[in-house]
Enquirer: 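Below you'll find the structure I mean.
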Amino acid sequence: MHHSEIKPEVRKLIADGTVLPAHPLALDATRALDVRHQRALTRYYLDAGAGGLAVGVHTTQFAIRDVGMYRPVLELAAETAASWTKRPVAMIAGLAGSTQQAVAEAQTARSIGYHAGLLSLAAMKSASEDDIIAHCEAVAREIPLVGFYLQPTVGGVILSADFWKRFAAIDNVIAIKIAPFNRYRTLDVLRGVAAAGALDRVALYTGNDDHILLDLTLPFDLRDKGVTTRAYFKGGLLGHWSVWTASAIRQFEMCKATRGKDTVPADLLALDARVTDCNSAFFDVANNFHGCIAGCHEILRRQGLMQGLWCLDPAEGLSPGQMQEIDRVCREHADLSDDGFVKANLQKWLA
């Protein structure tokens with residue numbers, strides 16, 4: 001499947017930039033798929049105004065592949081989205097593992113109707129950049145790709161600007177989620193895409209959950225041989241946006257409205273620090289992100305969108321002190337939540 005085969009309205013949605021929540025996995029107390037709450041989550045994101053969904057990604061838990069949940073979870077999200085709204089929705093499937101596994105997952109996602117694959121390179125840690133490019137090219141022959149620069153703390157591979165130049169030159173790459181949680185490495189990706197002459201084709205999406213609003217607001221001037229190219233992040237594909245999503249979409253629209261203007265409101269710039277403070281609790285920064293998935297689950301549990309915090313790995317949960325930090329940010333930044341929106345619609349989503 002080539003990106004030219006994506007419906008024009010969906011291709012434009014991705015290219016122009018949108019909100020793509022990283023879809024969590026709702027489990028019951030036996031750690032089986034909780035279909036009712038999983039469906040409710042999808043409906044919640046769509047009603048909040050998300051432009052699409054990323055399913056089978058880190059926030060969905062990579063371990064779904066080990067317990068036979070990959071296809072069922074992707075199918076449930078696609079079927080729910082198709083039956084819930086008639087507007088265009090960009091469906092992005094997480095792809096992981098060796099080349100053989102990632103190609104097979106791309107074929108599965110394509111058969112279900114997903115538009116693109118977010119390609120994790122965590123399994124390629126010991127490979128050379130040449131081998132990783134060959135891996136990406138093989139998967140790109142199956143489905144349009146969204147690149148994924150995952151932070152090393154949770155399994156990502158450190159990659160050079162030259163790698164991202166070569167990656168962006170792959171014709172079937174349509175976007176890159178830039179999530180190294182590192183300013184220098186973020187610039188490496190932007191420089192690489194610009195050097196490939198691919199900024200018009202490859203949409204830049206922030207995955208830097210520690211720097212969301214500034215990534216979405218500020219221009220990036222890239223210099224090459226005395227020529228300046230100005231680039232912007234078009235949208236976000238974020239685990240952080242799996243919670244308080246209706247508020248996140250309002251923030252995204254505020255950021256988008258300021259692009260290209262000579263001034264940016266100070267209040268919007270200051271809001272970045274408050275969102276990052278919330279992220280520090282949700283993502284368990286104090287414990288090197290060990291509780292990042294469970295932290296998002298806790299917010300959804302409080303709202304009634306999940307029954308509990310359960311992850312597929314019984315050892316994965318909240319870290320010591322994380323609940324207290326979540327209590328703190330929920331209290332201090334209550335105006336950033338979307339509790340009222342969820343409360344007003346929860347029974348409809350659970351029906």
Enquirer: Between the side chains of Thr30 and Asp28, does any donor sit under 3.5 Å from an acceptor?
Expert: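 The criterion, which ignores hydrogens and geometry beyond distance, is satisfied for Asp28 and Thr30.
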
Enquirer: With a 4.5 Å heavy-atom cut-off, do Met306 and Leu41 have their side chains touching?
Expert: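 When only atoms from C-beta onward are counted, Leu41 and Met306 do touch, with a gap below 4.5 Å.
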
Enquirer: Check each of Leu271, Ile212, Thr258 against Thr217 using the side-chain contact (heavy atoms from CB on, under 4.5 Å) test, and report the only one that passes.
Expert: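 Looking at Leu271, Ile212, Thr258, the match for Thr217 under the side-chain contact (heavy atoms from CB on, under 4.5 Å) is Thr258.
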
Enquirer: Quickly, which of Val275, Leu218, Thr276 forms a side-chain contact (heavy atoms from CB on, under 4.5 Å) with Leu213? Name it, please.
Expert: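 For Leu213, the side-chain contact (heavy atoms from CB on, under 4.5 Å) check succeeds only for Val275.
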
Enquirer: Is a side-chain N or O of Arg110 found less than 3.5 angstrom from the main chain of Gly117, in a donor-acceptor match?
Expert: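 The answer is no, because no donor-acceptor pair under 3.5 Å joins these two groups.
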
Enquirer: Do Val146 and Tyr205 make a side-chain contact, defined as non-hydrogen atoms from C-beta onward lying under 4.5 Å apart?
Expert: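 Not in contact.
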
Enquirer: Taking the six-membered ring for Trp, are Phe167 and Tyr149 ring centroids under 6.0 Å apart?
Expert: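 Not close enough - the centres of the two rings lie 6.0 Å or further apart.
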
Enquirer: So Cys136 and Leu121, side chain to side chain contact (heavy atoms under 4.5 Å, CB included) or not? Walk me through it.
Expert: CA-CA 9 Å; Cys136 296; Leu121 301 175; 4.0 Å; yes

Enquirer: Scan side-chain atoms only and decide if Gln322 and Asn287 contain a donor-acceptor pair under the 3.5 Å cut-off.
Expert: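 Side-chain D/A pair, Gln322 to Asn287: absent.
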
Enquirer: Taking all heavy atoms of Leu216 and all of Gly236, pick out the closest pair and write down the distance.
Expert: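 The answer is CD2-N, 4.3 Å.
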
Enquirer: Under 3.5 Å, side chain of Arg65 to main-chain N/O of Tyr70, donor-acceptor pair present?
Expert: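 Judged by distance alone, no pair lies under 3.5 Å.
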
Enquirer: Can you tell if the side chain of His333 reaches within under 4.5 Å of the side chain of Ser247, non-hydrogen atoms only?
Expert: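 Not touching, per the 4.5 Å side-chain cut-off.
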
Enquirer: If I take atom NE2 from residue His211 and atom CG from residue Asn279, how far apart are they, to the nearest 0.5 angstrom?
Expert: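 The distance works out to 12.5 Å.
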
Enquirer: Please name the pair of heavy atoms, one in Pro180 and one in Thr186, separated by the smallest distance, quoted to 0.1 Å.
Expert: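 Heavy-atom minimum between the residues: CG-OG1, 3.6 Å.
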
Enquirer: Where is the tightest heavy-atom contact between Leu350 and Arg36, given as atom of each residue plus distance?
Expert: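 For Leu350 and Arg36, the tightest heavy-atom pair comes out as O-NE, 3.0 Å.
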
Enquirer: So, are Glu298 and Arg302 salt-bridged, with charged N and O less than 4.0 Å apart?
Expert: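 Result for this pair is yes, salt bridge flagged.
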
Enquirer: Under a 4.5 Å side-chain heavy-atom rule over Ile, Leu, Val, Met, Phe, Trp and Tyr, are Ile249 and Leu305 clustered together?
Expert: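 Ile249 clusters together with Leu305.
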
Enquirer: Once rounded to the nearest 0.5 Å, what's the spacing between atom CZ of Arg185 and atom CG of Asn208?
Expert: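 Nearest 0.5 Å value for the CZ-CG distance: 11.5 Å.
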
Enquirer: Quick check: do Asp339 and Gln303 have side-chain heavy atoms less than 4.5 Å from each other?
Expert: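 Of all side-chain heavy-atom pairs linking Gln303 with Asp339, at least one is under 4.5 Å.
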
Enquirer: Do you know the tightest heavy-atom contact between Gly51 and Leu20?
Expert: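 Reported closest heavy-atom pair: C-CD2, 4.3 Å.
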
Enquirer: Distance-only criterion, 3.5 Å: show the donor-acceptor pairs between side-chain atoms of residues 82-89 and protein atoms not counting sequence neighbours.
Expert:
from, atom 1, to, atom 2, distance (Å)
Ser83, OG, Glu79, O, 3.1
Ser83, OG, Thr80, O, 3.1
Trp84, NE1, Asp47, OD1, 2.8
Trp84, NE1, Asp47, OD2, 3.4
Thr85, OG1, Arg87, N, 3.2
Arg87, NH1, Ala50, O, 3.0
Arg87, NH2, Leu46, O, 2.8
Arg87, NH2, Ala50, O, 2.9

Enquirer: Has the side chain of Thr245 got a donor or acceptor atom that lies under 3.5 Å from a matching backbone atom of Trp241?
Expert: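 The answer is yes, because a donor-acceptor pair under 3.5 Å joins these two groups.
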
Enquirer: Under 3.5 Å, is there a donor-acceptor pair linking the side chains of His135 and Thr99?
Expert: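 Yes, side-chain donor-acceptor contact under 3.5 Å.
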
Enquirer: I'd like to know if the side chain of Glu129 reaches the main chain of Ser160, judged simply by a donor and an acceptor atom lying under 3.5 Å from each other, with no hydrogens or angles considered.
Expert: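 Yes, because the side chain of Glu129 sits within donor-acceptor range (under 3.5 Å) of the backbone of Ser160.
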
Enquirer: In terms of hydrophobic clusters joined by side-chain contacts under 4.5 Å, are Leu238 and Leu13 together?
Expert: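 No, separate clusters.
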
Enquirer: Check the pair Lys256, Glu253 against salt bridge (Lys or Arg N to Asp or Glu O under 4.0 Å), reporting the backbone distance first and the verdict last.
Expert: CA-CA 5 Å; Lys256 200 171 180 180; Glu253 294 299 336; 5.4 Å; no

Enquirer: Taking 4.0 angstrom as the limit, do Glu9 and Lys12 come out as a salt bridge?
Expert: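 No.
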
Enquirer: Using 4.0 Å as the upper bound for N to carboxylate O, is an ion pair formed by Asp188 and Arg191?
Expert: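 Salt bridge: yes.
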
Enquirer: Side-chain contact, heavy-atom cut-off 4.5 Å: Tyr44 with Asp338?
Expert: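 Answer yes - side chains close enough.
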
Enquirer: Between Asp34 and His37, do the side chains contain an N or O donor and an N or O acceptor separated by less than 3.5 Å?
Expert: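 Yes.
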
Enquirer: Taking side chain as C-beta onward, heavy atoms only, is Leu95 less than 4.5 Å from Phe148?
Expert: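 No, too far: nothing below the 4.5 Å cut-off.
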
Enquirer: Less than 3.5 Å apart, which donor and acceptor atoms pair up between the side chains of residues 311-318 and the rest of the protein, not counting sequence neighbours?
Expert:
from, atom 1, to, atom 2, distance (Å)
Asp313, OD1, Ala315, N, 2.9

Enquirer: Looking at CG of Leu204 and NZ of Lys177, how far apart are the two atoms once the value is rounded to the nearest 0.5 Å?
Expert: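 The distance works out to 14.5 Å.
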
Enquirer: Going by atom types alone, do Arg39 and Thr42 pair a side-chain donor with an acceptor below 3.5 Å?
Expert: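 Short answer, no.
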
Enquirer: For Pro24, which of Val57, Ile299, Leu300 qualifies under side-chain contact (heavy atoms from CB on, under 4.5 Å)?
Expert: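 Of all the options given, the one that passes is Leu300.
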
Enquirer: Begin with the C-alpha distance, continue with both residues' side-chain angles, and end with the deciding distance and a verdict on side chain to side chain contact (heavy atoms under 4.5 Å, CB included) for Glu325 and Ser319.
Expert: CA-CA 10 Å; Glu325 276 295 285; Ser319 295; over 6 Å; no

Enquirer: Examine Leu159 and Ile176 and state if one hydrophobic cluster contains both, with Ile, Leu, Val, Met, Phe, Trp and Tyr joined whenever side-chain heavy atoms are less than 4.5 Å apart.
Expert: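 They do share one cluster, since a chain of ILVMFWY contacts under 4.5 Å joins Leu159 to Ile176.
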
Enquirer: Quick one: pull up OG in Ser111 and CZ in Arg71 and give me the separation to the nearest 0.5 Å.
Expert: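 Reported to 0.5 Å precision, the distance equals 4.0 Å.
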
Enquirer: Backbone N or O of Val173 within a donor-acceptor pair of the Arg201 side chain at under 3.5 Å?
Expert: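 Yes, Arg201 side chain to Val173 backbone: donor-acceptor pair under 3.5 Å.
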
Enquirer: Kindly indicate whether the side chain of Met1, heavy atoms from C-beta on, has any atom under 4.5 Å from the side chain of Ile6.
Expert: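 A side-chain contact exists here, since the closest heavy-atom pair is under 4.5 Å.
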
Enquirer: On a heavy-atom basis, which atom in Ala123 and which in Ser98 lie closest, and how many Å separate them?
Expert: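 Result for this residue pair: CB-N, 4.2 Å.
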
Enquirer: Indicate yes or no for a side-chain donor-acceptor contact from Glu5 to the backbone of His2 under 3.5 Å, with no hydrogens or angles considered.
Expert: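 At least one qualifying donor-acceptor pair exists.
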
Enquirer: How many angstroms lie between atom CG of Asp267 and atom CG of Asp272, to the nearest 0.5 angstrom?
Expert: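 CG of Asp272 is found 13.0 Å from CG of Asp267.
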
Enquirer: With sequence neighbours left out, write down each residue that passes ring-ring contact (aromatic ring centres under 6.0 Å, His included) with Tyr232, or none if nothing qualifies.
Expert: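 ring-ring contact (aromatic ring centres under 6.0 Å, His included) check on Tyr232 returns nothing, list empty.
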
Enquirer: Does the pair Arg166/Asp130 count as a salt bridge with the N-to-O cut at 4.0 Å?
Expert: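 Looking at Arg166 and Asp130, the cut-off is met.
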
Enquirer: Group every Ile, Leu, Val, Met, Phe, Trp and Tyr by side-chain heavy-atom contacts under 4.5 Å, then state whether Ile293 and Leu27 land in the same group.
Expert: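 Different hydrophobic clusters.
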
Enquirer: If I compare all heavy atoms of Phe289 with all of Gln151, which pair ends up nearest, and what's the gap?
Expert: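 Nearest heavy atoms, Phe289 then Gln151: CE1-OE1, 3.5 Å.
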
Enquirer: Would you say that more than 12 heavy atoms from the other residues, nucleotides or ligands in this model lie under 6.0 Å from the CG of Asp221, or not?
Expert: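 Yes.
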
Enquirer: Kindly compute the distance separating CZ (Phe283) from CG (Asp209), expressed to the nearest 0.5 Å.
Expert: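 Atom-to-atom, Phe283:CZ and Asp209:CG are 3.5 Å apart.
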
Enquirer: Given side chains that start at C-beta, do those of Leu145 and His3 come closer than 4.5 Å, heavy atoms only?
Expert: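 Not in contact.
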
Enquirer: Using the rule given for side chain to side chain contact (heavy atoms under 4.5 Å, CB included), can you reason through Phe220 versus Asp215, listing the C-alpha separation, both sets of side-chain angles and the distance that settles it, and then say yes or no?
Expert: CA-CA 9 Å; Phe220 292 81; Asp215 269 0; 4.0 Å; yes

Enquirer: Please determine whether residues Phe163 and Val139 belong to a single hydrophobic cluster, defined as Ile, Leu, Val, Met, Phe, Trp and Tyr linked transitively by side-chain heavy-atom distances below 4.5 Å.
Expert: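 Phe163 and Val139: one cluster.
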
